Amino acid sequence: MESIVTASYIKPYFSGLISLNRTLKDVQALYDPVNAFRFNLFNFWYPGENKLSQILAFFLDPKQTHGQGDVFLKIFLNQFGLTHLVSDTNNVNVKCEYTITYQRRIDILISFYNDKFAIGIENKFGAGDQVNQLHDYAKYFKDNFNNHVLFYLTPKGGNPSLSSINKENYELYIGDGSLQSISYTSDIIDLINKWSLACQANRVRYFLNDFEQYFKKILIGDNFMNEHQIVADYALSTPENLTAAFDTFKAFSIIKEEIAKRFTDKLAANLKTVFNGDKWDVICSKNLNVVVNHISWPSNTYVGIRDFDHDRVHFSVKTNTVDWQGLFSFVKNEKGGSFNSNNWWLKLEPAYNRWDENIEGITALYNLNDDAISYMIDGIVQITDIVNRFSDYIVSN
């Protein structure tokens, strides 16, 4: 009986939603020649973590060439409730990749020397935490400034790992406000929107608009014309639509997991045809986590695809060998990417990297896209070749 009642409002809801979506696409097609809804500067390049930090630091620095003085910095301070800690926004120094003690590098450091106050931003848009990383940052700030705030910035507001800062210090710093977790989805998108509204220079404002839309697309999936607000208004138009929208929301995580499982099964099956024989192992631990291992490799060495935090898919090399730094450096020299003491990683292309809330990525997985499978397998093959050459080098020396 319950399934019949559910179907009675689910089916009309989706029928209306499909019609609404078609209307939106028709409107987009009609006005696209004038408004170019899908055009975005960021379509031509995929900014990594360092580049994103550089862009944010550029707008936070009153001395930069955006021509808006301290307008952007003041908006930032106001958004995070820090205005009362700063008496002079002109006497500020903004640095990227600033090196401190223990050879640590803070992604963004904003120093207000008149106030002995500093803001640090640790930008985690792709990389994982390093051992004692936030612990070392916090010590540096306490030793060098009277007041400070360290922002831990992630796509959706995650907390640092216990390997980066222990639970006792984490709770202490969160309690006194010197450590705060913020996100691109809840904080940075809104900040960029405020910057755009306050900006007087058209050229700079156009860049900010594209910057905001870039994050909306890859993190939220909003493509044009504020379509999510239109869909939300439709869901709120009747009690039945609201109930149907809520039931759909509850089911969607299951839908995504099933899509990911089917794709992962196909990826693993195809990998087994490439890496066959007694000396190869193909291991599938969970969705979008498939690795291969060869008997001749150093202890517990694996190459494959890993999904970090359920929305950051990378090519990965992981090992427990003593010479992990040598292996990861060797792979990085060949393929680029980044590494810490636990992994080497390289982001997949955007549609697959953040598939969890990206309709292009979800659709590619849903369709069991052969291009996606080939792209991942080709990458794994290339990386295994690099690991093989490193292993041969170690044996010969």
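All residue numbers refer to positions in the sequence shown, counting from 1. Note that the coordinates shown come from a computational prediction; the quantities given were computed from them, not determined experimentally.
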- prompt: Taking atom OH of Tyr113 as the centre, does the number of heavy atoms from other residues, nucleotides or ligands within less than 6.0 Å exceed 12?
  reply: yes
- request: Tell me whether the centres of the aromatic rings in Phe211 and Phe215 are closer together than 6.0 Å.
  value: yes
Stepwise side-chain hydrogen bond (donor to acceptor under 3.5 Å, both in side chains) check, Gln133 with Lys124: CA-CA 12 Å; Gln133 187 175 23; Lys124 293 295 183 184; 2.9 Å; yes
query: Going by atom types only, do Ser53 and Asn123 share a side-chain donor-acceptor pair under 3.5 Å?
result: yes
message: Checking Tyr375 against Asn369: is there a side-chain donor and acceptor pair closer than 3.5 Å?
response: no
message: I need the Ser296 OG to Lys279 NZ distance, nearest 0.5 Å.
response: 7.5 Å
Show me the donor-acceptor pairs, under 3.5 Å and distance only, between side chains in residues 143-150 and residues at least two apart or in other chains.
residue: Asp143; atom: OD2; partner: Lys139; partner atom: NZ; Å: 2.9
residue: Asn144; atom: ND2; partner: Tyr140; partner atom: O; Å: 2.7

message: Taking the ring centre of each residue, are Phe275 and Trp280 less than 6.0 Å apart?
response: yes
field: Partner of Trp195 under ring-ring contact (aromatic ring centres under 6.0 Å, His included), chosen from Phe58, Phe76, Phe72
entry: Phe72
message: Could you tell me if Asn340 and Trp345 have a donor-acceptor pair between their side chains, going purely by distance under 3.5 Å?
response: no
field: Test log, rule side-chain hydrogen bond (donor to acceptor under 3.5 Å, both in side chains), inputs Asp307 and Asn289
entry: CA-CA 6 Å; Asp307 184 357; Asn289 283 263; 5.2 Å; no
Ring centroid separation Phe141 to Tyr137 under 6.0 Å: no
message: When you compare the side chains of Asn241 and Ser237, does any donor N or O come within less than 3.5 Å of an acceptor on the partner?
response: yes
message: Counting only heavy atoms from other residues, nucleotides and ligands, does the tally under 6.0 Å from CD1 of Ile295 exceed 12?
response: no
